[in-house]
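Here the structure is laid out as structure tokens; the discussion comes afterwards.
Letters go in sequence order (proteins before strands), and every chain restarts at 1.
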Amino acid sequence: MFPTFDDCTVSMNFRSLLRERLTAALAGLAPEAELSSLAELVVPSQDPKFGDYQINCAMALGKSLKRPPREVAQELVNRLKVDDFCNPPEIAGPGFINLKLKDDYLVGLLAAASGDERLGIAPVARKKQYIVDYSAPNVAKPMHVGHIRSSVIGDSIYRTLKFQGHNVVGDNHIGDWGTQFGMIIYGFKHFRDDAAYRADPVAELSRLYRLVNQLVGYFEAKEELPKLRQKLEYATAALAAAKNVAPAGDKNADKKNAQALKKAESDVKSATEAVGEVEKKLAAIDGDAALSALAAKHSRIGAASLEETAKLHSGDEENLKLWREFMPPCLEALEETYRRLHVTFDETLGESFYHDRLAAVVEFYEQKGLARESDGALCIFLPGQDVPMLIRKKDGAFLYATTDLATIQYRMERWKPDAVLYVVDHRQSLHFEHLFAAAKLAGYEGCDFRHISFGTVLGKDGRPYKTRSGDTVGLKGLLDEAVERAATIVAENDERNPEGPQLSADERRRVAETVGIGALKYADLSQNRTSDYEFSYDKMLAMNGNTATYMQYAYARVRSIFRRGGVDAAALRAKNVSIVLGTPAERNLALGLLRCEEAIELSTADFRPNQLTTYLFELANYYSTFFEQCPVLKAETSELRDSRLMLCDLTARTIKLGLSLLGIDVVEQM
RNA sequence: GCCCUCGUAGCUCAGUGGAUAGAGCAACGGUUUCCUAAACCGUAGGUCGUUGGUUCGAUUCCAAUCGAGGGUACCA
């Protein structure tokens with residue numbers, strides 16, 4: 001009943017299939033060297049009236065062959081063999097070739113997808129070994145809003161690559177060995193509240209960290225303030241001078257003066273802000289008698305904390321014992337958040353894991369002549385970089401660059417990866433430029449090191465997202481708030497149901513958790529990762545627009561049909577139903593379903609999960625339209641009913657699969 | 001100073017060198033005896049910061065420029 005397919009045509013990746021056919025058609029017509037770049041010019045059509053796909057290479061080819069593009073297009077069409085799955089191609093405009101896929105071909109693919117666990121999506125032909133480095137919180141500090149993006153984007157990339165059939169190692173490179181631990185140890189030795197520590201060790205350690213950090217910051221601020229004030233003074237003087245410059249009458253000179261004035265103004269502004277910030281830090285301690293007393297007693301706290309870190313690193317028994325005691329509860333606290341977020345790792349190899357390897361790494365670079373001393377520090381000078389990468393401080397301590405080099409060495413030895421992806425915010429791009437260049441110097445040219453950078457989460461004011469008092473927003477509170485708001489919405493909607501409430505209190509809670517967490521993750525993933533984005537609970541939980549909630553709702557509506565109709569999806573799939581694409585709504589949905597593989601491919605091509613969310617949003621839109629226009633349970637005939645049920649089932653499974661690649665769950669009812 | 005990122009509708013943001021640049025919100029208008037209206041359909045809204053260049057074709061690539069943000073030697 002379905003057309004039979006040879007190996008080449010059993011593919012829902014229309015774009016790559018069309019590329020193959022186009023390449024064959026181009027052979028002999030275009031120069032060998034240009035074949036692949038010309039074949040790239042197969043793209044989905046933007047407007048349905050131009051068909052499903054279009055071939056755009058006739059214009060370019062016409063130019064190079066010095067022939068009218070429409071004539072070239074006609075010749076291409078004559079040579080192009082696509083009649084097994086496309087309607088006859090049409091030539092339009094200057095030489096566009098428009099293609100429309102045959103309905104019976106789509107129907108055959110849908111049937112095949114329905115019988116497949118992977119919905120017909122083929123694993124990649126060439127498997128690669130990937131390492132994805134993501135999340136990487138500091139163990140000493142509670143996770144905050146800044147950790148969402150790395151965790152969520154990294155996890156999604158991990159899941160998607162894995163689904164494509166690659167070998168992937170997800171590694172959480174936690175900060176468990178740095179100066180923060182020295183602060184905690186110092187705090188524990190001097191300020192601990194034993195009862196609080198017994199009751200909730202993580203909360204107490206976090207309090208100690210914040211306290212020590214505040215005191216250290218206080219003394220730093222005290223030292224900095226005169227310098228900053230002087231800077232402000234200079235800036236103010238420079239501004240006054242710039243204002244006094246008389247118009248030169250010369251266009252270039254005036255422009256220069258105007259620029260100088262602007263620069264002086266912004267210098268004054270930033271200096272004022274810097275002074276204000278430092279004064280605020282000082283006032284917080286000076287205005288508090290208890291804190292002032294502590295500060296007076298611990299005036300060496302900065303240096304002393306560093307000493308505690310150094311002692312830890314050099315194997316001091318007491319500090320090592322404390323470190324071993326602190327780690328498990330801290331890791332468990334992280335785990336709790338990851339469980340809630342559904343973020344997982346294969347490895348959690350933190351900074352401490354590489355401690356023993358640092359000296360050898362430094363030695364390696366030194367002996368190869370790749371690193372040399374400068375101002376007492378050991379530096380790697382890289383071509384084209386005016387700032388060196390420091391791998392050993394003048395006091396002999398190692399830096400995070402050192403750890404990262406050791407990490408590369410370890411990963412190369414253990415996994416021999418084809419690519420290592422670092423999901424880290426864009427502010428560290430210089431560090432990664434250095435790191436990757438240094439890795440190449442060490443001989444790791446074959447590996448594709450990539451900084452998967454992302455932008456900042458902003459508040460409504462366009463500044464990094466903070467609480468009203470200016471503190472960073474804790475991740476746990478963020479999750480709680482999202483779930484709480486979701487709970488309110490779930491309850492409201494359930495109460496409003498004309499047939500009366502459908503959900504038990506327990507079900508409501510579970511739905512709220514899934515919807516709330518999903519909303520938060522999706523809001524992050526649906527942004528182009530490179531840009532900053534404005535955080536908004538209302539937007540992320542909206543029922544309209546590109547949100548997880550909208551997708552989950554589409555899914556729940558499908559499941560509702562099966563529930564109402566008493567239809568067993570598995571039995572339906574086994575039934576050999578013939579799908580009919582009688583209306584545009586049905587055909588659009590069908591084509592959308594079959595584009596999943598393309599969307600996945602697009603999202604891993606440049607590691608941008610938002611390509612996948614865009615696809616899912618389109619798919620859910622097609623479904624909503626279908627849902628409005630095409631009655632399923634009350635279809636005119638039982639054949640049409642089954643056909644539509646098949647489309648519904650495939651929609652639910654595709655949405656579920658797509659969301660799972662984003663690390664987001666679905667609910668049967670909401 | 002140098003380096004990086006960004007600038008698209010009133011707002012928040014998508015956009016793969018291709019035809020008439022999209023979505024959501026906000027505004028305006030319509031749809032419910034019908035499987036979840038938490039929905040759907042429609043109208044209006046644009047100098048893709050500016051100026052050049054490359055190209056058959058540029059929001060997309062290159063250069064300059066204006067504006068915003070970030071980074072820039074011993075924190076991570």
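- Across B:G22 and B:C48, the matching P atoms stand 14 Å from one another, rounded to whole Å.
- Using modelled atom types and a 3.5 Å distance limit, the side chains of A:S624 and A:R557 yield a donor-acceptor pair.
- As judged by a 4.0 angstrom heavy-atom cut-off over every strand, A:E40 is placed among residues making no nucleic acid contact.
- In this structure, a donor-acceptor pair under 3.5 Å is absent between the side chains of A:D494 and A:Q502.
- Side-chain contact check for A:Y53 and A:N98: no donor-acceptor pair (N or O, by modelled atom type) lies under 3.5 Å.
- At a threshold of 4.0 angstrom between heavy atoms, the contacts of A:K262 are confined to the sugar-phosphate backbone, with no base atom among them.
- Although no hydrogens or angles enter the test, the distance criterion places a donor-acceptor pair under 3.5 Å between the side chain of A:D176 and the main chain of A:E351.
- If you take atom C1' in B:A9 and the same atom in B:G49, they sit 15 Å apart, rounded to whole Å.
- Ionic pairing of A:E433 and A:R450 is not present here: no N-O contact between side-chain nitrogen and carboxylate oxygen is shorter than 4.0 angstrom.
- A side-chain donor-acceptor contact under 3.5 Å links A:Y550 and A:N621.
- Crowding of A:E90 atom CD: a count of heavy atoms from other residues, nucleotides or ligands under 6.0 Å not exceeding 12.
- A:C648 comes within 4.0 angstrom of no nucleic acid atom, judged by non-hydrogen atoms across all strands.
- Comparing the same atom, P, in B:A68 and in B:A26 gives a spacing of 31 Å after rounding to whole Å.
- Phosphate proximity of B:C41 to A:T625: present, with a side-chain N or O under 4.0 Å from OP1 or OP2.
- In this structure, A:L633 reaches the bases: a heavy-atom distance under 4.0 Å links it to at least one base atom across the strands shown.
- Of the candidate nucleotides B:A73, B:C2, B:A38, B:C2 has the atom nearest to the side chain of A:D386.
- A:F381 carries A:R372 over the face of its six-membered ring, with the cationic atom under 6.0 Å from the centre and within 45° of the normal.
- Rounded to a whole Å, the CG atom of A:L382 is 16 Å from the P atom of B:U72.
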Letter per nucleotide, 5' to 3', of nucleotides 26-31 of chain B [B base touched, S only sugar-phosphate touched, - untouched; heavy atoms, 4.0 Å]:
------
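- Residue A:L378 is classed as having no contact, given no heavy-atom separation below 4.0 Å to the nucleic acid.
- Listed pair A:Y615 / B:A23 fails the phosphate criterion, with no side-chain N or O lying under 4.0 Å from OP1 or OP2.
- Judged by distance alone, the side chains of A:Y533 and A:N528 never bring a donor and an acceptor atom under 3.5 Å apart.
- Residue-level contact check: A:K263 touches the backbone only, with heavy atoms under 4.0 Å from sugar-phosphate atoms and none from bases.
- Between the side chains of A:S526 and A:T613, no donor N or O sits under 3.5 Å from an acceptor N or O.
- For the residue pair A:T583 and A:E586, a side-chain donor N or O sits within less than 3.5 Å of a side-chain acceptor on the partner.
- Among the protein residues, A:V387 comes within range of the sugar-phosphate backbone only, with heavy atoms under 4.0 Å from sugar or phosphate atoms but none that close to a base.
- Nucleic acid contact class of A:M389 (heavy atoms, under 4.0 Å, all strands): none.
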Dot-bracket, 5' to 3', for RNA chain B please: Watson-Crick or G-U pairs under 3.5 Å, [ ] where pairs cross earlier ones, | where the partner sits on another strand, dots elsewhere.
(((((((..((((....[...)))).(((((.......))))).....(((((..]....))))))))))))....
For a quick check, with a 4.0 angstrom heavy-atom cut-off, what is the B/S/- contact string for nucleotides 5-19 of chain B, read 5' to 3'?
-------BSSSB-BB
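- A:R496 has a side-chain polar atom (N or O) that falls below the 4.0 Å cut-off from OP1 or OP2 of B:A38.
- Taking atom P on both nucleotides, B:A19 is separated from B:C61 by 16 Å, rounded to a whole Å.
- Of the N and O atoms on the side chains of A:R210 and A:N213, not one donor lies less than 3.5 Å from an acceptor on the other residue.
- Side-chain N/O atoms of A:S624 include one lying less than 4.0 angstrom from OP1 or OP2 on B:C40.
- For the P atom pair drawn from B:A76 and B:U65, the interatomic distance equals 37 Å after rounding to whole Å.
- When each of A:Y354, A:Y400, A:F353 is paired with A:H173, the ring-ring contact (aromatic ring centres under 6.0 Å, His included) condition holds for A:Y354 and for no other.
- Residue whose closest nucleotide on RNA chain B sits further toward the 5' end, between A:P388 and A:F626: A:F626.
- Judged by distance alone with a 3.5 Å cut-off, no donor-acceptor contact links the side chain of A:T179 to the base of B:A76.
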